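Everything below concerns the one structure shown next.
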Amino acid sequence: MSALTLVEAVRTALARAMDEDPTVLVLGEDVGKDGGVFRATEGLFERFGPERVLDTPLSEALFTGLAVGLGAQGFRPVVEFQFDGFMYPALDQLVNHAGRLRSRTRGRLSCPIVLRAPYGGGIRAPEHHSESPEAFFAHVPGVRTVIPSSPARAYGLLLAAIRDPDPVVFLEPKRIYRAFREEVVDDGKALPLDRAFVLRQGRDLTLLAWGAMIPLCLEAAGRLAEEGVSAEVVDVATLKPLDTATILDSVGKTGRCVIVHEAPPSYGPGAEIAALLAVAGLFSLLAPVVRVTAFDVPTPLPRLEDLFLPAVADILEACRTVLAHR
Amino acid sequence: MSALTLVEAVRTALARAMDEDPTVLVLGEDVGKDGGVFRATEGLFERFGPERVLDTPLSEALFTGLAVGLGAQGFRPVVEFQFDGFMYPALDQLVNHAGRLRSRTRGRLSCPIVLRAPYGGGIRAPEHHSESPEAFFAHVPGVRTVIPSSPARAYGLLLAAIRDPDPVVFLEPKRIYRAFREEVVDDGKALPLDRAFVLRQGRDLTLLAWGAMIPLCLEAAGRLAEEGVSAEVVDVATLKPLDTATILDSVGKTGRCVIVHEAPPSYGPGAEIAALLAVAGLFSLLAPVVRVTAFDVPTPLPRLEDLFLPAVADILEACRTVLAHR
Amino acid sequence: MVEVASFRIERVEILRADGTLAAPLPAWAEDGAELVRLYRAMVLTRVYDTKSVNLQRTGRLGTVASSLGQEAVAVGTAAAMRPEDVFLPSFREQGAMLWRGVRIEELLTFWGGDERGSNWSGPREDFPICVPVGTHAPHAAGVATAFKLRREPRVAVCVLGDGATSKGDVYEAWNLAGVWRLPMVTVVNDNQWAISVPRSAQTAAATLAQKAIACGMPGIQVDGNDVIAVREVVGRAIERARSGEGPALVEALTYRLADHTTADDARRYRDDAEVSARWKEEPVARLRNFLVARGLWDKEREERLLAECTREVDRAVEAYLARPPAPATDMIDHVFAELPPAMAAQRASILRRAAERAERRSEPRGGRP
Amino acid sequence: MVEVASFRIERVEILRADGTLAAPLPAWAEDGAELVRLYRAMVLTRVYDTKSVNLQRTGRLGTVASSLGQEAVAVGTAAAMRPEDVFLPSFREQGAMLWRGVRIEELLTFWGGDERGSNWSGPREDFPICVPVGTHAPHAAGVATAFKLRREPRVAVCVLGDGATSKGDVYEAWNLAGVWRLPMVTVVNDNQWAISVPRSAQTAAATLAQKAIACGMPGIQVDGNDVIAVREVVGRAIERARSGEGPALVEALTYRLADHTTADDARRYRDDAEVSARWKEEPVARLRNFLVARGLWDKEREERLLAECTREVDRAVEAYLARPPAPATDMIDHVFAELPPAMAAQRASILRRAAERAERRSEPRGGRP
Ligand SMILES: Cc1ncc(C[n+]2csc(CCOP(=O)(O)OP(=O)(O)O)c2C)c(N)n1
Ligand SMILES: Cc1ncc(C[n+]2csc(CCOP(=O)(O)OP(=O)(O)O)c2C)c(N)n1
Ligand SMILES: [Mg+2]
Ligand SMILES: [Mg+2]
C-alpha cells in the first residue's frame, strides 16, 4: 500500500496486468525507452522487454488497426495515444472494426483492446494537446468509455479495462496526473466498468462530473457546505455504459442537478446525462438541469484556456441557479 | 418549376452553385463520368469539365484535407463521400483543421467547404452503407451539420451550405433520395442554416426528427389525427446550430415531446435535444421525453435492419406513452 | 550527386494468354492433378459468381461483387497458403475463401444480409469480409505481429484492390510490416478499376508493386490472369515470410470483366471494346487451353465439372434460402461478451419491435402501420 | 521474369562537414552576399531558438521545439521559394517562417499561447504551424491544386519530419500530387528522431527519398546540414514544379541536436556520444568555415552579427511580453465568419467567466474561489 499519483497508478496497473497475463502488450509512440511522454509506461520496457512494450511508427490509425489484429489473435494490446488531439484518426478503426468485430462474426473473433490517452485541458499545453473527445467515443456501439478521477480509481478501472474482453477507451485526466496522491493497494482488484461513484453524499443538489472536474466539484461542494448547502458529488467514471441507476437515485433524492465537463456543450457528453433526466428522471427534477462546460469553440491556446475550462466559481454559480428554484 | 426527387434536387443545387460561382468544385470518388453512385453529380462532369468535377484517388482522409487546402485558397469544394460509413477518416481533418482554421488564424484563412454524403439506413445495403453518424459531426466546434428531409429543403439548404463561408457537413437521407417528388423552383434561393421547419402544426405533442424519419413522423401524425390527437412535426434540419427557439416554442405549446432518429441512442443526436428540454424547457414538459431510435449496437446487416430502424409503429407507441401523462 | 539506392521491379509470366508457356513451369505445376484442382476452383468461383449475381437480380440476395476474370488471383493466392495461415479478404475474394473452406451457403448468408455468414465453420481465424476499402491491412499487420511474437511459422495474407493502394492505412500497415519484418503478404488484385476510376487515375506510380519500395520490402508483379504464376509468386512470398525474412507485396495484373458490383453499370464509364479485348486474357480459358494441350482436360470433363459445380452451388442456394432467419436479439447478443445490464432494456425493446413487426406482417394489407 | 521498372535514389552534397567543397558550387552560390544572407538567417534562427528555450524555462513561453542543428533545412527551403509560393510548416520550421516574413514577435505570440500569433502580417497565404504530425500534407496538395486550376506559376512547399513519413495522410497527399502532377514540393527534415523513436524504427526503407517512388514522383536526398545544397536541390524541385512538371520529395539528412521540445529529455533514450559526434556536422559552423575560407567572413563580423541578432530577438521578446492580452471573446469571434445567433448566449458566458476570473485575480489571496 502506498500513496500514488494518478499516473503512477496507471503505471502500476499496467505492470500488474502485464505481469499476470502474458498476452497484455503495450503499444504506442515513445512508450518504450522513453516511458511515454507522461512517463505512464516508465520502466515497463526494461521490465518486460521489447516484445511486450512496442514503439510503433508514428501513426495512430495504424496502431489502432494493429491492435484489432492483435486482439483477434488473442493478445490484449493496450495502446497509448500521446495526446487526446491525436485520437481522431482512430475513430475509423474503432467504429468500423473494433466495436463490431465480435458482433460481425457472431462471436468467432473479438477485440479485447484498450485505447489509453492523457486527455483534457489545464496544463497549458500546445494546440491539440488539451482536447476532451469523450463524446465521440461514448457514441460508438460496442465500445466502453471510462475516465478515472483519482489514483485508486485509475488503478482499478484500468485493470478492469484490460481484463475486459471487449474494446475500452480509457481517458486519463492529464491535469491531475500528478495533482495529488492517494493510497493505492496493488492487489489486482479491479473496479466495475459500469458503476458511478458517489464521492460525497448530499441532499440539496447533485454534481455530476468525471476526470479532472471531480476535484473542482468536491471543492465546490465543500464551499457549499460552508453555506449550509449539502451537495452530492457523483463521479460518473464509466460514461458508457452509463450507470443510470446511481444518477437517477441521486437526482431523485436531491431534485437538482449540475453536470460539469470540459468538452464543448453541443452534442457533448453532458447531453446524454441531461437527456437521461428528461427521459427517466423528469418528475424528480425541481429545477432545470444546468450544464457547466467549455464552449462550442475550438480549444483555445493556453492564454484563453482558463476561460474555456469550467472553474469552481462557474460550478458554484450553476449550483446557485438550481438552488434558486425552491 | 418541376417536381424533383431529393437526389435530383441535390444535383440541381450543385449545378446552380457551380454555375453561379466558378470557385465551386465537386470532388470525390466516382463523381465524374459515373456521376456518383447515387447519380447526385450526374451530368456535372459533362457540363463543367474535369477541372470542376474531380475524381480523387480512393481516400477519404485525403480529400477532406485536400478540401481544406482548396478552401484556404478561396475555392469552395463540395466533397462527396460515397457512403456514411466511410466518413470516419474525415473526422481528424474536420476536428483538427476544417473547424478551426479560421479561429486558429484569427480570420486570416478560412475553410468554406461542404462534406456531402448519402446517409442512413433503409435501403438494404451492405455493411457500412447504412450509418447515421450525425452526432459525431454535430459535436465538432466550428462545423455546421445539416440534414434535409425533402427535395425543396435539400435544394435550399445545399445552396446555403455551399455559399456559407465555413465548413458544413451535409447528410442526405439516401432512403428518400427517390421516395417522393416535390416541386422545386430552381431560383437560387437558399434556406437559412439555423432554422427548424414546422411541417405540421399540432397541440398535443411534438415530434422532432430529421432526414428519412420525417416521412414516418408525418405518417404517424396523420394516424394520430384520425384518433383525435394533434401532433406537431418539426424537422430539425440544422442539427448545428440547433434552432432551439422553434423547438422550445413547440414543446412549450404541446408539453410533450418525442424525438426520432436512426442513430444509436447513447450520446446520440437526440441527447442534445432532450438535454435542451431538461435545461431550458423543463417546466413546460408534461411528460418525460421519449427517444425513438436505433439501438446501441453496430448497424446490423439488412436482415435485421428493419428492427434496428424506428418505424411508424414505434413512433406511435412513443406518442401514446407521452400522451398517457395527463 | 552519388547514387545511394537502386531498385528494380520485375514481372513473372508463365502461361501466355493463349495457354502456351512463356517460361518454364514450376516443379509443383508438373503435377496435373494440382492444376486440375486449381482449374476446378476457378470454375466453381465463376459458377458461384454467376449464380449470386442472378440471385441479386431476382431479389434473393443483396448487392454482390463478382470476381469475373479475377479468379486466378483469389484461387492462386489461397492455394499458396497453408491452412494455419490467416486470410484477410476484401469483398471480391470469394475464390480464396471457398478454397480455404468457407462454405458457399455461408457466403450467401453474408451477402444475403445476415452476420451469421461470417461465423463460418471453416478457417476460424480468418478475418471476415472487409467492406471499408483497405482498412484490413492494419489488421493483417496485427495478425502477423501476433505470429511473430509467438514465434509461429504462420503468415497473414491480405488481398486488396488497386484502388485500395491509395489508402493511407494500407501504406501504414506495409510500412510497419517492413520495419518489424512481419510475416505478412499483400496481394493487390490490380483489376484496373476502382469502380469508375481507372488505375491510371489512382497513382502515377508505373507499377503498384513499386509501392513496396517506400516500405522497405520487396514488390513484384505477376500476371494475375495466370493462376500458375500467381500461386508460384505468392507462394514464394509466403514461404519467404514464413521463414522470417519479412513481408512482400505482389501486384497481380488482371481485369474486372464484370460491373463493379450488382449496383454498378460499368457502361457509363468504360468502353465495351476495352472489356472485349480483355476477355481474351481471362484466366479460366487460359488454363483450360493449357490443360487441353497437355491432355489433362477435354470437353467431357468440362461438362461434368460444370454440372458438378452447378449442383454444388444450387444445393448451397437451397440451404441458404431455407435457413430460418436469425432471432431479433442476434443484433445485440454478440456486441459484448456479456450484455451489460445497462443494455437489458434495449434488448427488451428489440424483442418488442420484433413482435410488432411480426404482427404487422401477419396482418392483411391496409392494417395497422 | 522481366524487369518492368527501375529506380535510383541520389544524394547531393556540396559543402563537406569541414566547410570544404565536395562538389562545384552552384552559380548562385558564387555570390558571397547571398551566402552571407543564408548564414545570417541561420544564426538568427539559432539565437531565436536559444532565446525561446530560455523563455520557456523561465515560464514566459509554452513548450517550444528548437531547430538546433536543422537550421539549414528551414533556411535553405525558404530561400528556394518565391514570396508568392505558399509554405506549409510543421512545428520546427521557424527558420523558414522568419525568412518568409513572419515576425519573431508573432512566433513568440503563438508559442506563448495566443492564436493572434498565426495572424501574421507577412506571408498571408502561408499556413499556420501544424501540430498534428503530417496532417498538413493534404492541405499542401489542396493549395497546389488551387494553383494548378488557376494556372498560377506557384508552388506549395511543405516541410515535415522523418516520423511524419509514416503517416498515411502524408502518403495519400504525395500519391495525389503524383497523379495530378501538382506543383507541390515536400521537404523531409530527416533529423533522425521522432521524439524517442529513431529513424531506423520508423521504416525499413533505406532512404526516405525512395518513398516518392510509391507515388510516381522524383525523390532525392540532400545533405541537410549544408544550406547551399538544400537551397540548390529544393530550388530545382520547386522550379521544376513551377514549370508544370509535377511534385517532388526532398529528404534532407540532418540531426536534431536538441531535445525534441522543452518538454522532452533526450538523455532518456539516446547517447550523448551520438549527439557530440553530430555536432561536428552542424550547418552553421560549416558555412562559417566556408565563408571564412573564402574571405567573406571574420571574427569581427561574426561578433557584430551575433549582437545584431540578439538585439533583434530581444526587441521582439519585449514587444511580445508587452502585448496586451487578447480579449476573452477572441476565442469565439473567429470560429465562424459571423457568430451564429445560437451562440450569442455562449459569448455572453465567456464574458461572464472573464469578469469572474478578473475579479478573482484582483482579490487578495484567500478570497472567493
Ligand atoms: C473507405 C471506402 N471508401 C469507399 C468505398 C466504396 N467503394 C467500394 S469498392 C470501391 C472501389 C474499390 O476499388 P479497388 O480497391 O480497386 O477494388 P475492386 O473493387 O476493384 O476490387 C469503392 C470506392 C469503400 N468501400 N470504402
Ligand atoms: C498525429 C500526431 N501524433 C503524435 C504527435 C506527438 N508528436 C509530436 S512531434 C512527434 C514526433 C515527430 O517526429 P518527426 O516527424 O520526425 O518530426 P521532428 O519532431 O523530429 O521534427 C510526435 C510523436 C503529434 N503531434 N501528432
Ligand atoms: Mg480495382
Ligand atoms: Mg524527426
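These numbers were taken from a predicted model, which means no experiment stands behind them. Residue numbering restarts at 1 for every chain, and letters A, B, ... go by the order of the sequence lines.
Interface remark: B/A90 contributes no atoms to any contact with chain A (heavy atom separation under 4.5 Å). With a 4.5 angstrom heavy-atom cutoff, B/L91 touches chain A via backbone and side-chain atoms both. Residue contact with chain A, scored on non-hydrogen atoms closer than 4.5 Å, involves the side chain of B/E127 exclusively. Using a 4.5 Å cut-off between heavy atoms, B/L94 does not touch chain A at all. Proximity to chain A (any heavy atom under 4.5 Å) is shown, for B/P241, by neither the backbone nor the side chain. Heavy-atom distances place the side chain of B/S103, and not its backbone, under 4.5 Å from chain A. Within the 4.5 angstrom heavy-atom criterion, only backbone atoms of B/V297 (N, CA, C, O) approach chain A. Contacts between B/E131 and chain A at a heavy-atom distance below 4.5 Å involve the side chain alone, from C-beta outward. Only the backbone of B/L286 comes within contact range of chain A, judged by heavy atoms closer than 4.5 Å. Contact of A/L242 with chain B is made through the side chain alone, with heavy-atom distances under 4.5 Å.
The minimum heavy-atom distance between A/L304 and B/R106, with the atom names listed, is CD1-NH2, 4.2 Å. Closest of all the heavy-atom pairs between B/D296 and A/K240 is CG-CE, 4.3 Å. Contact between A/N96 and B/G85 at its shortest, heavy atoms only, is ND2-O, 2.9 Å.
Considering only heavy-atom pairs separated by less than 4.5 Å from chain B, the leading option among A/G281, A/A138, A/A274, A/C257 is A/A138. Chosen from A/A287, A/A275, A/A61, the residue pairing most often with chain B at heavy-atom distances under 4.5 Å is A/A275. When the candidates A/P269, A/A280, A/G99 are compared by the number of heavy-atom contacts under 4.5 Å with chain B, A/P269 comes out ahead. Contacts with chain A were tallied for B/V290, B/V279, B/L285; B/V279 has the most, counting heavy-atom pairs under 4.5 Å. Ranked by heavy-atom pairs shorter than 4.5 Å toward chain B, the options A/G268, A/P300, A/P133 are led by A/G268.
Taking the side chain as every heavy atom from C-beta outward, B/D92 and A/P89 approach each other to under 4.5 Å. At least one side-chain heavy atom of A/F283 sits under 4.5 Å from a side-chain heavy atom of B/P288. Side chains of B/V289 and A/L282 form no contact here, defined as non-hydrogen atoms less than 4.5 Å apart.
A/R291 meets the salt bridge (charged side-chain N to carboxylate O under 4.0 Å, His left out) test with B/E272; sequence neighbours excluded. Looking at residues two or more places apart in sequence or on another chain, you find a salt bridge (charged side-chain N to carboxylate O under 4.0 Å, His left out) between B/E317 and C/R352.
Within the 3.5 Å criterion, the main-chain N or O of A/F137 finds no donor-acceptor partner in the side chain of B/Y267. Not one N or O on the side chain of B/H139 forms a donor-acceptor pair closer than 3.5 Å with the backbone of A/F136.
Taking the six-membered ring for Trp and the full ring otherwise, A/H97 and B/Y88 have centroids separated by 6.0 Å or more.
Distance check, rounded to the nearest 0.5 Å: CZ of B/R100 to OG1 of A/T299 gives 5.5 Å.
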